[in-house]
Amino acid sequence: GENVEQHPSTLSVQEGDSAVIKCTYSDSASNYFPWYKQELGKRPQLIIDIRSNVGEKKDQRIAVTLNKTAKHFSLHITETQPEDSAVYFCAASERNTPLVFGKGTRLSVIA
Amino acid sequence: GAVVSQHPSWVICKSGTSVKIECRSLDFQATTMFWYRQFPKQSLMLMATSNEGSKATYEQGVEKDKFLINHASLTLSTLTVTSAHPEDSSFYICSARDFAGLTDTQYFGPGTRLTVL
């Protein structure tokens with residue numbers, strides 16, 4: 001089955017700097033890669049996703065890149081703000097199969 | 001985005017009792033719903049996949065007789081934790097996948113915090 005590795009487990013950045021979180025996956029059949037943001041005690045919220053037919057997707061300060069050959073994808077947050085502080089999870093799946101999540105990255109943005 | 005509700009948001013029960021958690025997709029039909037468990041500072045661990053009108057598919061290590069799942073309609077799945085024990089205390093989150101159109105985005109419910117005394 002699919003296995004998703006996520007790094008780093010914790011990340012601290014100064015406000016205004018960029019943050020990068022990386023994930024690798026094992027199943028070459030996976031074709032859907034979402035990123036979720038989870039604040040303490042709350043549900044995971046989808047922030048961006050990418051499918052295997054594109055290499056990059058951007059939404060304002062958030063971007064995701066995908067390298068299918070290397071089986072890794074990354075989340076990039078630019079101009080970080082204190083409200084970006086949360087736990088971020090990557091995930092991977094094929095269509096119609098459950099998402100497999102990484103272990104999460106705790107991002108702290110220091111004002 | 002689509003809305004998934006979950007009830008109750010928290011529950012405290014005595015050891016040995018059973019607890020039922022409901023998950024509803026409010027504005028779309030979900031033939032498939034998922035149940036996750038999340039321990040403090042850990043990732044979401046898939047427990048089972050709930051399929052409307054058929055038996056749930058459980059992940060390895062999850063006891064199907066302890067965690068009963070029923071998906072009776074396209075908008076409702078229930079998880080019953082039977083004979084709950086303190087080690088079952090956790091944050092239980094459901095999600096539903098919207099397969100409409102070209103998207104299969106997975107939306108999460110707000111979660112249920114279960115505390116077993």
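Throughout, a chain's letter reflects where its sequence line sits, starting with A, and its residues are numbered from 1.
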Engineer: Would you say that more than 12 heavy atoms from the other residues, nucleotides or ligands in this model lie under 6.0 Å from the CD of A:Glu83, or not?
Structural biologist: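 Enclosed.
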Engineer: At what distance, to the nearest 0.5 angstrom, does CE of B:Met45 lie from NZ of A:Lys103?
Structural biologist: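 Between atom CE of B:Met45 and atom NZ of A:Lys103 there are 8.0 Å.
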Engineer: Count I, L, V, M, F, W, Y as connected when their side-chain heavy atoms are under 4.5 Å apart, and connections chain through other members. Are B:Val62 and A:Val100 then in the same cluster?
Structural biologist: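 Per the 4.5 Å side-chain linkage, B:Val62 and A:Val100 are not co-clustered.
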Engineer: Is it the backbone or the side chain of A:Gln38 that comes under 4.5 Å from a heavy atom of chain B, or both, or neither?
Structural biologist: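 For A:Gln38, the side chain is the part near chain B, not the backbone.
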Engineer: Check for me, please, whether B:Tyr36 and B:Met33 land in the same ILVMFWY cluster - side-chain distances under 4.5 Å, paths through other members count.
Structural biologist: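 In one cluster with B:Tyr36: B:Met33, no.
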Engineer: By a 4.5 Å heavy-atom criterion (distance strictly below it), what part of A:Pro34 contacts chain B: side chain, backbone, both, or neither?
Structural biologist: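 The answer is neither part of A:Pro34.
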Engineer: Linking I/L/V/M/F/W/Y whenever their side-chain heavy atoms sit closer than 4.5 Å, directly or via other members, would A:Phe73 and A:Val87 fall into one cluster?
Structural biologist: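 No, it is not one cluster - the side chains of A:Phe73 and A:Val87 are not joined through contacts under 4.5 Å.
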Engineer: Is it true that atom CD of A:Glu79 has more than 12 heavy atoms of other residues, nucleotides or ligands lying nearer than 6.0 Å?
Structural biologist: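 For A:Glu79, atom CD is not crowded (no more than 12 foreign heavy atoms under 6.0 Å).
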Engineer: Can you tell me how far OG1 of A:Thr97 sits from CZ of B:Arg97, rounded to the nearest 0.5 angstrom?
Structural biologist: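 Rounded to the nearest 0.5 Å, the CZ-OG1 separation comes out at 6.0 Å.
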Engineer: Flag yes if A:Ile48 and A:Tyr25 sit in one hydrophobic cluster, no otherwise; membership is Ile, Leu, Val, Met, Phe, Trp, Tyr, and two members link when side-chain heavy atoms are under 4.5 Å apart.
Structural biologist: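 Yes: a chain of side-chain contacts under 4.5 Å links A:Ile48 to A:Tyr25.
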Engineer: Does NZ in B:Lys20 sit with more than 12 non-hydrogen atoms of other residues, nucleotides or ligands closer than 6.0 Å?
Structural biologist: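 At most 12 heavy atoms, drawn from other residues, nucleotides or ligands, come within 6.0 Å of this atom.
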Engineer: Let me see the working for B:Gln106 and A:Tyr36 under side chain to side chain contact (heavy atoms under 4.5 Å, CB included), right down to the final yes or no.
Structural biologist: CA-CA 10 Å; B:Gln106 193 165 331; A:Tyr36 288 86; 3.5 Å; yes
Engineer: Do other residues, nucleotides or ligands put more than 12 heavy atoms under 6.0 Å from B:Leu117 CG?
Structural biologist: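 Enclosed.
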Engineer: With rounding to the nearest 0.5 Å, note down the distance linking CZ in B:Phe108 to CG in A:Leu46.
Structural biologist: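 One gets 9.0 Å once the value is rounded to the nearest 0.5 Å.
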Engineer: If two hydrophobic side chains count as joined below 4.5 Å and joins carry through other members, does B:Leu114 share a cluster with B:Phe34?
Structural biologist: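 Per the 4.5 Å side-chain linkage, B:Leu114 and B:Phe34 are not co-clustered.
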Engineer: Under 4.5 Å from any heavy atom of chain A, what part of B:Gln38 do you find: side chain, backbone, both or neither?
Structural biologist: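 For B:Gln38, the contact with chain A is made by the side chain alone.
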Engineer: Would you check if the side chain of B:Ser43 reaches a backbone N or O of A:Gly102 as a donor-acceptor pair within less than 3.5 Å?
Structural biologist: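 It does hold such a pair.
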Engineer: Going by residue number, which parts of residues 70-96 of chain B are within reach of chain A, meaning a heavy-atom gap below 4.5 Å?
Structural biologist: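 Counting heavy atoms that sit under 4.5 Å from chain A, the residues of residues 70-96 of chain B involved are B:Phe91, B:Ile93.
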Engineer: Taking non-hydrogen atoms and a cut-off under 4.5 angstrom, which of residues 46-57 of chain B neighbour chain A?
Structural biologist: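 Contacts with chain A: B:Leu46, B:Thr49.
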Engineer: Would you say the side-chain atoms of A:Arg43 pair up with the backbone N or O of B:Gly111, donor to acceptor, closer than 3.5 Å?
Structural biologist: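 Flag not set: sc A:Arg43 to bb B:Gly111 has no pair under 3.5 Å.
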